[in-house]
Amino acid sequence: MKNILVTGGAGFIGANFVRYLLGIEPEVHIYNLDALTYAGSLENLKNLPDESRHTFIQGDICDNDLVMRLMREQEIDTVVHFAAESHVDRSIHGPAAFVQTNIVGTFTLLDAAKTVWKEGGGFEGRRFHHVSTDEVFGSLAPDDPAFSETTPYDPRSPYSASKAASDHLVRAYFHTYGLPVTLTNCSNNYGPFQFPEKLIPLMVLNAVQGKPLPIYGDGKQIRDWLYVEDHCEAIYLVVKHGKLGETYNVGGGNQPYNIDLVREICSILDQLRPSGAPHANLMTHVKDRPGHDRRYAMDISKIRSELGWTPRHDIESGLRATVQWYLDNTEWVKSVLGQDGYAAWLEKNYAKR
């Protein structure tokens, strides 16, 4: 692992992975390909551990000529593929972008890796890692066992359907062409640099501004929350030591109701940023999301037994660190909240519920 192409490395998880990898691998050079759509920002890449080993390229993973040129000229030996449209609500309003980026983009990367690596002597010492989601497995009933790597796919939204398709393409390139791939399916991530359309940063920033905290339906949806740095460590271990062709589930080992998670955020803010009234008073129930999956849970026994990975953060410590980060990084928050279209998106998604 010497020259690494990280796709979507200006986004939330990708940027955290870039920081993690630069800090743990002193010899690698990262080539960071990102289209800088609304959720990706160069603000996420400021003050990297060693900027001399990081090269940013603005571009689209669907641009075959660009991807091929990067793979050849930079002698890429490892691809870590984060780039994706990832917000379920946006996929409901506009699914076309999800099909293009998540399916066509993944195909473009796979085919470029296959072509260029074969030109360069074969697949030995190469690795293509694909980052996916637990949402491809569908929804669990309250007493169902957690998702395992063999759970049948049952995507319920345009987002999860597009990610399921990309997973199938990755496995097809392994079985058909022998491309050296690994996959991870992760649960809901949270932590620094997350764009505030997602639940946790939206609740933090709305609460600080005294705005309503919109709770979908009864708030009894259940997610398995994974601190982003723990996720980065898991990906690193899979890229370094995971078995070719294998999938590893990555989860945080907790299952709070969404409404209880929001209450905990409010409690932390009551301590760190008291406002004269409990922040929980801002909680407001709104119409539920169409087709909203009720519960996700991840069985992480495979990655624990094969690679020795377990999450280092529980939900309490991770949530407190996350809230504190958003309170401390006001310039980042201002840059994100000031983006064209952000306020309009919130109005479109929440105001008429």
Side-chain angles (χ1 to χ4, degrees), residues 6 8-24 30 32 34 38-49 80 82-84 86-88 131-135 184-208 223-238 249-256 258 260-262 264-269 271-273 296 298 300 303 309-337:
V6 174
F12 163 47
I13 306 176
N16 276 283
F17 183 75
V18 166
R19 292 177 182 278
Y20 179 85
L21 193 60
L22 288 173
I24 201 169
I30 296 174
N32 184 347
D34 196 295
Y38 74 94
S41 173
L42 295 179
E43 293 290 322
N44 298 345
L45 298 170
K46 288 184 175 179
N47 304 312
L48 294 175
V80 184
F82 293 95
S86 66
H87 191 42
V88 174
V131 180
S132 190
T133 172
D134 57 359
E135 298 194 33
T184 45
N185 290 79
C186 69
S187 59
N188 284 44
N189 278 226
Y190 69 102
F193 301 107
Q194 188 170 32
F195 191 75
E197 65 185 356
K198 299 295 180 76
L199 176 63
I200 289 175
L202 178 67
M203 295 300 122
V204 173
L205 299 182
N206 273 19
V208 168
R223 299 294 182 264
D224 183 341
W225 293 95
L226 173 65
Y227 191 65
V228 66
E229 188 174 291
D230 291 335
H231 186 198
C232 293
E233 181 183 34
I235 292 169
Y236 174 74
L237 289 172
V238 172
N249 280 357
V250 186
N254 55 75
Q255 294 183 55
N258 280 356
D260 291 336
L261 186 79
V262 176
E264 180 63 22
I265 292 170
C266 291
S267 176
I268 293 170
L269 283 169
Q271 300 168 41
L272 299 179
R273 188 67 61 84
Y296 305 145
M298 294 293 264
I300 61 172
I303 192 172
W309 179 87
T310 54
R312 298 179 186 272
H313 297 79
D314 58 26
I315 189 65
E316 290 79 13
S317 64
L319 205 55
R320 181 170 289 273
T322 300
V323 172
Q324 189 67 63
W325 187 89
Y326 282 97
L327 295 179
D328 291 342
N329 288 270
T330 54
E331 291 303 312
W332 183 91
V333 170
K334 287 179 183 177
S335 72
V336 171
L337 296 186

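With sequence neighbours excluded, the residues satisfying ring-ring contact (aromatic ring centres under 6.0 Å, His included) with Tyr227 are Tyr190, His313. Pro311 pairs by the side chain to side chain contact (heavy atoms under 4.5 Å, CB included) definition with Asp230, Ile300, Trp309, not counting sequence neighbours. For the side chain to side chain contact (heavy atoms under 4.5 Å, CB included) test, residues two or more places apart in sequence or in another chain that qualify with Glu43 are Ser41, Lys46, Trp332, Ser335. Scanning for salt bridge (Lys or Arg N to Asp or Glu O under 4.0 Å) contacts around Glu229 gives an empty result, with sequence neighbours left out. With sequence neighbours left out, the side-chain hydrogen bond (donor to acceptor under 3.5 Å, both in side chains) criterion links Asp260 to Arg263. Taking the side chain to side chain contact (heavy atoms under 4.5 Å, CB included) definition, one finds that Leu205 meets it with Pro196, Gln209, Tyr326, Val333, Leu337, sequence neighbours left out.
For the atom pair CD1 of Ile13 and SG of Cys186, the computed distance is 5.0 Å after rounding to the nearest 0.5 Å. Note that the CZ atom of Arg223 and the CG atom of Leu261 stand 11.0 Å from one another [nearest 0.5 Å]. A distance of 9.5 Å separates CE of Met298 from CD1 of Ile303, quoted to the nearest 0.5 Å. Expressed to the nearest 0.5 Å, how far CD1 of Ile265 lies from CG of Leu199 amounts to 6.0 Å.
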*Mind running side chain to side chain contact (heavy atoms under 4.5 Å, CB included) on Asp314 and Asn254 for me, showing each step along the way?*
CA-CA 8 Å; Asp314 58 26; Asn254 55 75; over 6 Å; no

*Go through the steps to decide whether Ile200 and Trp225 satisfy the test side chain to side chain contact (heavy atoms under 4.5 Å, CB included), and finish with yes or no.*
CA-CA 10 Å; Ile200 289 175; Trp225 293 95; 3.7 Å; yes

*Give the intermediate values and the outcome of side chain to side chain contact (heavy atoms under 4.5 Å, CB included) for residues Val6 and Asp34.*
CA-CA 8 Å; Val6 174; Asp34 196 295; over 6 Å; no

*asked:* Working note: Val208 + Leu269, criterion side chain to side chain contact (heavy atoms under 4.5 Å, CB included); need CA distance, chi angles, decisive distance, verdict.
replied: CA-CA 8 Å; Val208 168; Leu269 283 169; 4.1 Å; yes

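Side-chain atoms of Asn258 do not come within 3.5 Å of backbone N or O of Pro256 as any donor-acceptor pair. When atom types are taken as modelled, the side chain of Asn185 and the backbone of Thr133 share a donor-acceptor pair closer than 3.5 angstrom. Proximity of a side-chain donor or acceptor of Asp224 to a complementary backbone N or O of Gly251 within less than 3.5 Å is not detected.
Contact annotation: the side chain of Phe12 never approaches that of Lys198 to less than 4.5 Å [non-hydrogen atoms, C-beta and beyond]. Between Glu197 and Leu202, the closest side-chain pair of non-hydrogen atoms is not below 4.5 Å. Within the 4.5 Å cutoff, no side-chain heavy atoms of Ile235 are placed close to those of Tyr20. Residues Gln194 and Val228 have side chains not in contact (no heavy-atom distance under 4.5 Å, counting atoms from C-beta outward). Between Leu45 and Leu42, the closest side-chain pair of non-hydrogen atoms falls below 4.5 Å.
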